[in-house]
Number of protein chains: 2
Amino acid sequence: MREALTAAASRRVTRPAPLRQAVYDALTELIVNGSLKPGQHLVEAELAEHLGVSRQPVREALQRLQTAGWVDLRPAQGAFVHSPTAEEAAQLLGVRAVLETYSAQLAAQNAKPEDIARLDELQLEGIAALADGDVERLVSANTALHDFITAVADNAVLAELIAQVGQKVRWYYTPIAKPRGKEAWNEHTQLIRAIAKGDAHQAGEVMRKHTERTTEFYRKQIAARANQN
Amino acid sequence: MREALTAAASRRVTRPAPLRQAVYDALTELIVNGSLKPGQHLVEAELAEHLGVSRQPVREALQRLQTAGWVDLRPAQGAFVHSPTAEEAAQLLGVRAVLETYSAQLAAQNAKPEDIARLDELQLEGIAALADGDVERLVSANTALHDFITAVADNAVLAELIAQVGQKVRWYYTPIAKPRGKEAWNEHTQLIRAIAKGDAHQAGEVMRKHTERTTEFYRKQIAARANQN
DNA sequence: GGGCAGGGTTGTGTATACAGAAGTCTGTAT
DNA sequence: ATACAGACTTCTGTATACACAACCCTGCCC
């Protein structure tokens with residue numbers, strides 16, 4: 001009895017989790033994984049029925065999705081999944097590069113020995129995924145490494161922006177470009193070394209070149225695909 | 001008659017402007033100008049009555065304000081005006097610095113002769129405001145100059161982030177710090193010169209130092225104020 | 001045959017109603 | 001006097017209802 005109450009109480013701490021949040025997460029997932037395609041008209045009533053809620057939470061979620069840039073809300077016409085232009089995608093990469101560079105600099109200033117150890121682990125995971133040829137695992141290892149560097153940078157404002165931009169970049173480029181391979185992970189090694197030394201300038205430079213090469217790598221694939229059509 | 005119809009048609013093009021947008025703008029303004037103080041509880045019904053609308057548009061506006069970081073939405077408790085910590089404010093300045101630096105670099109690459117002419121005009125306006133000792137005019141001249149550089153940079157994603165961060169910075173620092181004076185506008189002169197030359201690297205460096213000095217300028221005033229209490 | 005006007009349909013924009021959770025106040029018992 | 005329990009108030013969370021705007025399709029007129 002006592003234990004049951006304790007368990008109930010600890011559960012009680014968890015937020016009631018408003019429906020709008022669940023709806024927001026669900027819709028973001030549907031957009032990122034491609035179930036909802038760019039330009040598609042999102043009808044509130046359909047979404048509401050499909051998710052088993054009323055229109056109200058759906059509308060609130062759509063407002064947030066608009067501010068986050070995932071949908072465009074045309075007055076009196078409703079919500080449409082955002083269609084990123086090639087230009088916008090290129091701009092995203094440029095912005096991400098400067099944010100990640102700053103992130104690396106801060107990480108180099110703040111990194112503690114245990115952080116370095118964790119970075120090494122993540123690096124090894126990436127190398128292993130590379131050896132296995134497991135693309136999905138490789139992408140998630142890459143994300144984990146960059147995310148951890150951002151965490152070490154310890155700047156919540158920066159982390160927020162990187163998350164925003166990064167998710168959009170992955171949304172746009174993952175379906176049309178394969179990830180970089182061995183070269184990228186060699187650059188990661190240099191990056192971790194610079195962070196371990198606490199050399200902010202060098203860490204920033206390595207990250208800047210790293211993101212620039214990734215940008216160029218994507219650009220070439222897009223160009224090749226364009227010529228092919 | 002014909003003219004009347006034409007006028008009506010041209011007006012017709014303007015969107016019906018949903019209430020949620022008007023509410024969003026109104027609330028943002030109230031927060032930025034300090035009518036709504038950090039930590040204050042925003043009761044939906046009160047806002048709705050005050051603005052002469054129902055709760056629905058107010059709720060939608062609050063969702064967007066949360067995503068933009070102006071309010072915190074606690075489940076089952078409602079909206080509270082965000083209280084920025086000193087740490088968060090410092091982080092904002094750091095992020096703004098790297099974004100503005102990138103903006104200056106892009107502007108230097110893209111600037112056309114007419115852009116330079118416009119920059120010179122804005123610079124003169126700032127100098128004039130400085131001579132008059134008109135603080136409000138000085139602040140708006142500074143904002144106008146930086147905004148125009150961002151416009152010349154021609155990167156919508158970047159512009160969006162700078163606008164987000166910049167507005168927050170002004171919100172936090174304008175009430176507690178006076179603007180920089182002559183020195184800042186001398187730095188603007190150097191910046192415009194670098195942009196006119198099309199020297200992206202130099203423009204970036206000048207902007208970086210400029211924003212770093214502004215950061216330091218604010219930091220000192222905060223520290224002085226802290227000692228004083 | 002093409003274009004335009006009108007009605008009908010669909011879907012958004014706004015308002016209102018109701019259920020439930022959180023906080024507050026009061027009354028009572030120790 | 002204090003602490004706790006309970007009802008009460010207030011406000012949010014969700015659902016439903018209705019008005020209006022945009023779009024579409026049909027039929028008529030030129």
Side-chain angles (χ1 to χ4, degrees), chain A residues 1-2 5-6 8-27 30-31 36-37 39-67 70-82, chain B residues 1-2 5-6 8-27 30-31 36-37 39-67 70-82:
Chain A
M1 179 62 181
R2 177 66 59 90
L5 280 179
T6 307
S10 68
R11 169 157 313 192
R12 189 67 201 71
V13 176
T14 61
R15 299 287 179 188
L19 285 185
R20 57 170 180 259
Q21 182 62 43
V23 173
Y24 180 88
D25 293 341
L27 290 180
L30 288 173
I31 292 174
L36 300 176
K37 304 211 179 307
Q40 183 172 344
H41 186 190
L42 301 179
V43 178
E44 296 172 0
E46 287 178 10
L47 297 177
E49 191 186 11
H50 183 260
L51 298 171
V53 298
S54 80
R55 276 177 57 206
Q56 176 87 359
V58 171
R59 286 180 64 83
E60 294 178 358
L62 288 176
Q63 295 302 323
R64 291 187 55 195
L65 287 168
Q66 179 191 30
T67 307
W70 291 108
V71 307
D72 301 316
L73 231 46
R74 298 190 227 159
Q77 292 185 267
F80 297 79
V81 179
H82 181 66
Chain B
M1 180 62 181
R2 175 67 58 92
L5 280 178
T6 307
S10 67
R11 169 156 314 193
R12 190 68 201 72
V13 176
T14 61
R15 298 289 179 186
L19 285 185
R20 57 170 181 259
Q21 182 62 42
V23 172
Y24 180 87
D25 294 340
L27 290 180
L30 287 174
I31 292 174
L36 299 175
K37 304 210 179 307
Q40 183 173 345
H41 186 191
L42 301 179
V43 179
E44 297 172 359
E46 286 178 12
L47 297 177
E49 190 187 10
H50 183 259
L51 297 171
V53 299
S54 81
R55 277 178 56 207
Q56 176 88 0
V58 171
R59 285 181 64 84
E60 294 179 359
L62 288 176
Q63 296 302 323
R64 292 188 53 195
L65 287 168
Q66 179 191 30
T67 307
W70 290 108
V71 307
D72 300 317
L73 231 47
R74 299 190 226 160
Q77 297 189 19
F80 297 79
V81 179
H82 181 66

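In what follows, chains carry the letters A, B, and so on, assigned in the order in which the sequence lines appear, proteins first and then strands, with residues in each chain numbered from 1.
Counting non-hydrogen atoms of other residues, nucleotides and ligands closer than 6.0 Å to CD of B:Glu49 gives a total of 12 or fewer.
With B:Glu60 as the fixed residue, the salt bridge (Lys or Arg N to Asp or Glu O under 4.0 Å) test singles out one of A:Arg20, A:Arg59, A:Arg55: A:Arg59. Paired with B:Leu27 under the rule side-chain contact (heavy atoms from CB on, under 4.5 Å), one option of B:Leu47, B:Leu42, B:Val81 passes, and it is B:Leu47.
Within residues 52-59 of chain B, the residues that place at least one heavy atom under 4.0 Å from DNA chain D are, in residue-number order, B:Arg55, B:Arg59. Scanning residues 41-51 of chain B for heavy-atom distances under 4.0 Å to DNA chain D yields B:His41, B:Leu42, B:Val43, B:Glu44.
Taking atom CD of residue B:Glu60 and atom C1' of nucleotide C:dA15, one finds them 12 Å apart after rounding to whole Å. The CD-P distance, from A:Gln66 to C:dG13, rounds to 10 Å in whole Å. One atom, CZ of B:Arg74, and another, P of D:dG13, lie 12 Å apart when rounded to the nearest Å. Between the C1' atom of C:dT14 and the CZ atom of B:Arg20 lies a distance of 11 Å, rounded to the nearest Å.
A:Phe80 and A:Gly39 make their closest contact through CD2-O, 3.6 Å (heavy atoms, listed as atom of the first residue, atom of the second, distance).
Separation of atoms CD (A:Glu44) and OG (A:Ser54) is listed at 10.5 Å; rounding is to 0.5 Å. Separation of atoms CH2 (A:Trp70) and CD1 (A:Ile31) is listed at 7.0 Å; rounding is to 0.5 Å. With rounding to the nearest 0.5 angstrom, the CG atom of A:Leu65 is 10.5 Å from the CD atom of B:Gln63. Atom CG of A:Leu30 and atom CG of A:Leu51 lie 7.5 Å apart (nearest 0.5 Å).
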Taking N or O atoms only and anything under 3.5 Å, show me the protein contacts with nucleotides 23-25 of chain C, one pair per line.
residue	atom	partner	partner atom	Å
C:dG23	OP1	B:Gln77	NE2	3.4

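Across all strands shown, C:dT30 forms a Watson-Crick or G-U wobble pair with D:dA1, both key distances being under 3.5 Å.
A side-chain donor from one of A:Gln21 and A:Arg64 sits under 3.5 Å from a side-chain acceptor of the other.
Looking at B:Gln77, its side chain never comes within 3.5 Å of a backbone N or O of B:Arg74 through a donor-acceptor pair. A:His50 contributes no side-chain N or O that, together with a main-chain N or O of A:Ala45, makes up a donor-acceptor pair within less than 3.5 Å.
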